[in-house]
K.L.:
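For reference, the structure I am asking about is given below.
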Protein chains: 2
Amino acid sequence: MTAGKIEDGAGISLDKMIQPTLLLLIYKKPSHGYELIQNYNALDPTEMVEPGTIYRNLRRMEKEGFVLSKWEASESGPARRQYEITGKGVAALQEAVHKLEHQKKQIEDFLDQYKKLAERGGI
Amino acid sequence: MTAGKIEDGAGISLDKMIQPTLLLLIYKKPSHGYELIQNYNALDPTEMVEPGTIYRNLRRMEKEGFVLSKWEASESGPARRQYEITGKGVAALQEAVHKLEHQKKQIEDFLDQYKKLAERGGI
DNA sequence: CCAACCTATGTGCAGAGTGCACATAGGTTG
DNA sequence: CAACCTATGTGCACTCTGCACATAGGTTGG
């Protein structure tokens, strides 16, 4: 699929920030995939992400050493893979913060450019 | 490849906004691929995009009806495919603006969350 | 008690997008 | 005429996503 997003008609795809968001959620509170799916999709119900994508990203981040997991029994229900962030993960989170600040600036520049054009008769 | 970005070590990939940026550049001034590559990569030299990617995006946007092109002779050098934006392209640009405003808000929320955690002893 | 449901994790497949490298070609200049 | 800049495009390998499906433990109502 659209390697990032859905084409909803006249759509141009803009991308998400799955891994940083997952890292931040785990940084706030260690938890497991299913819970992270709920929390992730609660943040922005207009941009829901597939469970499979969350699980795959968690395994990816574990392979890269950003998080580590261990199986834990649940009080009620199947066992869960509990994730916690590592030192490397915290560093990656900080790096993601810098990149997001940069990206925010890019978006602001874009919007400024657009507004300048739209004002002076463009639209 | 990373379907969006480069992994630079401890990197988490964050994505670009190639099509909206190209649309905005063409909206500002009709031009051809080679020139758009220069202008695009001048906007943010830390996030250079391959020529092939630009050309493919232009053809894609033409197929979707956001731009249209015609061959034009250059005063000096090979002929160029000159692009201009269509009505549908302007609409797509507006839609992209809305999405980017939304995305900006998401980034700001993320950064706020992070700062809150970092302050109270996190890092 | 067992069917239905929620919790919980994961995989196979097709489609889309990117980088890298390469191909092609017109025009200018030393 | 070789080297270079302009200019456009493609093949390949790789990554990522959505959709659909598979699996499985535990709870609850009929």
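A, B, ... follow the sequence lines: proteins, then strands. Residue 1 opens every chain. Quantities reported herein were computed from a predicted structural model and do not represent experimental measurements.
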K.L.:
Go nucleotide by nucleotide along DNA chain C from the 5' end; which of B:R60 and B:G52 gets its closest nucleotide reached first?
P.N.:
B:R60

K.L.:
For B:K63, which residues count as a side chain to side chain donor-acceptor pair (under 3.5 Å) partner, sequence neighbours excluded?
P.N.:
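By the side chain to side chain donor-acceptor pair (under 3.5 Å) rule, B:K63 matches no residue at all.
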
K.L.:
Between B:T53 (side chain) and B:V49 (backbone), is there a donor-acceptor pair under 3.5 Å?
P.N.:
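The answer is no, because no donor-acceptor pair under 3.5 Å joins these two groups.
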
K.L.:
Do any N or O atoms from the side chain of A:S69 and from the backbone of A:R81 form a donor-acceptor pair under 3.5 angstrom?
P.N.:
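No: the side chain of A:S69 does not pair with the backbone of A:R81.
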
K.L.:
Give me the atom names and distance for the closest heavy-atom approach of A:A92 to A:L23.
P.N.:
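Heavy atoms only, the tightest pair is CB-CD1, 4.1 Å.
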
K.L.:
Of all the nucleotides listed (C:dG17, C:dG19, D:dC19), which has the minimum atom distance to the side chain of A:R56?
P.N.:
D:dC19

K.L.:
Would you please say whether a donor-acceptor pair under 3.5 Å links the side chains of A:Q103 and B:K104?
P.N.:
no

K.L.:
Nearest-Å distance, CG (B:N57) to P (D:dT10)?
P.N.:
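That distance rounds to 13 Å.
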
K.L.:
Starting at atom CD of A:E75, determine the distance to atom C1' of D:dG25, rounded to an integer number of angstrom.
P.N.:
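About 14 Å, once rounded to whole Å.
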
K.L.:
Round to the nearest Å and state the distance from A:I54 atom CD1 to C:dT9 atom P.
P.N.:
12 Å

K.L.:
From CD of A:Q19 over to C1' of D:dC16, roughly how many Å is that when rounded to an integer?
P.N.:
10 Å

K.L.:
So, using salt bridge (charged side-chain N to carboxylate O under 4.0 Å, His left out) as the criterion, who are the partners of B:E84 when residues are at least two apart?
P.N.:
B:K70

K.L.:
Produce the list of close N/O pairs, under 3.5 Å, pairing protein atoms with atoms of nucleotides 1-8 of chain C; give distances to one decimal.
P.N.:
from, atom 1, to, atom 2, distance (Å)
C:dT7, OP2, A:Y34, OH, 2.8
C:dA8, OP1, A:R80, NE, 2.4
C:dA8, OP1, A:R80, NH2, 2.4
C:dA8, OP2, A:H32, NE2, 3.4

K.L.:
Between P on C:dT9 and CD on A:E62, what's the gap in Å once rounded to a whole number?
P.N.:
12 Å

K.L.:
Got a sec, which residues hit salt bridge (charged side-chain N to carboxylate O under 4.0 Å, His left out) with B:E62, two or more places apart in sequence or on another chain?
P.N.:
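Residues passing salt bridge (charged side-chain N to carboxylate O under 4.0 Å, His left out) with B:E62: B:R59.
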
K.L.:
Rounded to whole angstroms, how far apart are CG on B:L58 and C1' on C:dT18?
P.N.:
15 Å

K.L.:
NA contact type, A:I18, heavy-atom cut-off 4.0 Å: base, sugar-phosphate, or nothing?
P.N.:
sugar-phosphate

K.L.:
Determine the minimum heavy-atom distance between B:Y55 and B:Y34, stating which atoms define it.
P.N.:
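Taking B:Y55 first and B:Y34 second, the nearest heavy atoms are OH-N, 3.6 Å.
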
K.L.:
State the dot-bracket string of DNA chain C. Criteria: Watson-Crick or G-U wobble, both atom distances under 3.5 angstrom; notation: ( ) intrastrand, [ ] crossing earlier pairs, | interstrand, . unpaired.
P.N.:
||||||||||||||||||||||||||||||

K.L.:
Rounded to whole angstrom units, what separation is found between the CD1 atom of B:I37 and the P atom of C:dG19?
P.N.:
12 Å

K.L.:
Specify the separation, in whole Å, of atom CD of B:E50 and atom P of D:dT8.
P.N.:
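Going from B:E50 (CD) to D:dT8 (P), I get 16 Å.
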
K.L.:
With sequence neighbours excluded, what pairs up with A:R56 under the salt bridge (charged side-chain N to carboxylate O under 4.0 Å, His left out) test?
P.N.:
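Partners of A:R56 under the salt bridge (charged side-chain N to carboxylate O under 4.0 Å, His left out) test: none.
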
